[in-house]
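Whatever order the structure lists them in is the order used to number ligands and atoms, beginning at 1.
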Amino acid sequence: MPPEPRLLPVELVIFGAVGDLTWRKLVPALYNLFLDGLMPEKFAIFGMDAKSISTEEWHKRLLDGVNKFSRRGRAKAEPWKEFASHLVKCLAGDFSQPANFYSLAKALNAQDKDWDEHAERVFYLATPPGIAETIVHNLGASRLVSDRKRTRLVFEKPFGHDLDSARTLTHNLLKTLEEAQIYRIDHYLGKETVQNILAFRFANALFEPIWDRRYIDHVQITVAEQVGVGHRGGYYDHSGALRDMIQNHLLQILSLVTMEPPAAFNADEIRARKVDVLRAIRPIPTDHLHQYASRGQYGPGWIEGERAIGYRSEPDVDPASNTETYAALKLFIDNWRWQDIPFYLRTGKRLPQKVSQAIIQFRPVPHQSFPASANQDWLPNLLEIDIQPDEGIGLHFQAKIPGVDLRLSSQQMRFSYSAAFNTTLTEAYETLLLDAMRGDATLFMRADQVESAWGVIAPVLDAWTAVAPSDFPNYPSGTWGPPSAETLIAQDGRRWLQPVYLELPKPGGEYDPSVSRP
Ligand code: BG6
């Protein structure tokens with residue numbers, strides 16, 4: 001295959017250049033792109049931050065971030081020195097002052113002049129959400145985004161706080177920008193394993209014919225975290241699990257699992273097919289909400305032998321907080337493919353394991369011809385799409401246990417990224433930053449996607465806001481969530497499938513058939 005053409009010259013401006021996201025994620029990702037030879041030949045990174053910092057100090061801080069968080073570990077002196085020569089400077093400035101944007105424009109124009117080219121410009125808002133509109137307004141006033149083709153803005157979530165605020169935000173942004181210039185990040189879409197859902201479904205003919213209500217019993221999507229809110233209490237206490245995770249990451253996974261095949265792999269087509277699904281989600285009935293939604297908040301408990309404090313004792317959290325740190329939903333998609341098939345979604349902090357996965361549970365065989373004695377360990381087929389941390393796909397099926405008796409047990413065929421490709425996976429931010437520089441919006445959220453996703457959770461948000469929970473905290477740290485989440489799925493005669501991974505055979509090693517999902 002011919003190599004990808006090099007990118008056009010790029011000027012990347014990071015607002016919030018001294019902040020946590022730039023330190024932990026953005027610069028380590030840019031550095032890895034640089035090491036992989038994927039950055040444009042000409043690129044210049046500028047920062048702007050309310051804090052004043054010298055170029056030298058800025059470089060020092062960013063190097064520290066790379067050393068701590070890069071998937072490649074500590075940076076080597078020579079390549080870092082070369083990369084750092086592209087980190088031009090961090091302008092100190094209050095984002096509400098138009099004068100600071102004129103200074104920025106001057107610096108970027110000087111860079112263009114230096115290169116004798118009009119570079120592409122990517123503005124990255126690594127800032128608290130409240131300031132985004134002001135920044136965009138000032139970018140507009142200083143004519144920094146008036147070239148519609150060559151300038152783009154990358155937005156971090158949250159994009160709004162609910163449906164109305166998301167609509168208002170889009171409306172206000174469109175006074176300055178065109179929709180095609182707005183790149184809304186959902187970092188889950190940059191994960192290799194999430195992108196692989198499309199490859200798995202649409203590059204293989206095997207599963208698509210059975211990927212519907214005739215063969216699938218239900219789908220479970222779990223994004224479980226062991227961590228608590230940590231230092232993000234101030235933000236999280238005004239958000240909660242439904243807004244922070246379900247509105248974006250889990251609904252995006254759901255869309256990829258359930259969307260129709262796109263006619264072509266381009267940004268608009270793929271995003272349109274995903275919106276079709278979100279729009280087809282049946283409105284959650286609020287009169288029987290407990291049958292469709294469960295909320296929880298972690299109390300004190302134990303995680304892997306370590307004592308964990310309860311949510312209400314976390315820094316910057318209201319000691320009487322009613323914010324949910326766990327949410328589960330049951331959804332239906334009203335279309336031909338999925339009519340009446342339940343989709344169970346759950347996410348929470350301080351759960352026993354960090355795991356993100358989608359499980360497709362197929363229907364049982366129509367007639368069970370094996371004697372009951374053969375089926376002690378019987379489980380209908382299921383497909384497990386493991387997003388993290390053990391990236392891969394597992395297909396569970398029945399097999400005959402060796403021996404003279406006819407006995408069946410559930411076994412798994414497994415594809416593992418690390419074993420198959422023998423490489424560390426690129427970080428989501430690497431993919432997303434590269435796409436933003438290339439001008440490929442496929443993995444970014446369009447306004448209609450964001451609004452449809454807010455629409456899905458709106459009835460639950462309203463109902464939960466109207467009636468305070470009476471039982472918070474209702475799950476100890478280190479457990480799988482509140483009892484109401486068990487009831488939510490048990491009322492349908494089903495149960496949550498707790499993640500268990502196979503011990504994978506090491507290359508050349510032996511496969512251990514005794515390890516399988518219970
Ligand atoms: C973020 C949420 O979007 O995703 C965090 O705001 C959460 O609360 C994080 O911890 C989880 O991301 P990942 O990639 O670690 O699964």
What is the nearest protein non-hydrogen atom to [atom], stated with its residue, atom name and distance?
atom                    : answer
atom 12 (O) of ligand 1 : His187 NE2, 3.2 Å
atom 14 (O) of ligand 1 : Lys191 NZ, 2.7 Å
atom 11 (C) of ligand 1 : Glu225 OE2, 3.6 Å
atom 5 (C) of ligand 1  : Arg232 NH1, 3.3 Å
atom 8 (O) of ligand 1  : Asp244 OD2, 2.6 Å

Does [X] reach ligand 1 with a nitrogen or oxygen that is under 3.5 Å from one of the ligand's nitrogen or oxygen atoms?
X      : result
Lys157 : yes
Ser356 : no
Tyr235 : no

Donor-acceptor contact present, side-chain Thr465 to main-chain Leu461, <3.5 Å: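 The answer is yes, because a donor-acceptor pair under 3.5 Å joins these two groups.
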
Using a strict cut-off of 4.0 Å, indicate which atoms of ligand 1 neighbour a heavy atom of [X].
X      : value
Lys349 : 5 (C), 7 (C), 8 (O), 10 (O)
His249 : 1 (C), 3 (O), 4 (O)
Lys354 : 13 (P), 15 (O), 16 (O)

Less than 4.0 angstrom from a charged side-chain N to a carboxylate O is my criterion; do [X] and [Y] meet it?
X     : Y     : answer
Arg24 : Asp64 : no
Asp20 : Lys25 : no
Lys51 : Asp49 : no
Arg72 : Asp36 : yes

Centroid-centroid distance, His218 to Phe343, less than 6.0 Å: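 Not under 6.0 Å, so no.
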
Sole residue of Gln357, Gln353, Gln498, Arg346 in side-chain hydrogen bond (donor to acceptor under 3.5 Å, both in side chains) with Thr222: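 Checked Gln357, Gln353, Gln498, Arg346 against Thr222; only one passes side-chain hydrogen bond (donor to acceptor under 3.5 Å, both in side chains): Arg346.
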
Lys157 charged N/C atom sitting above Phe159 aromatic ring, 6.0 Å / 45°: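 No.
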
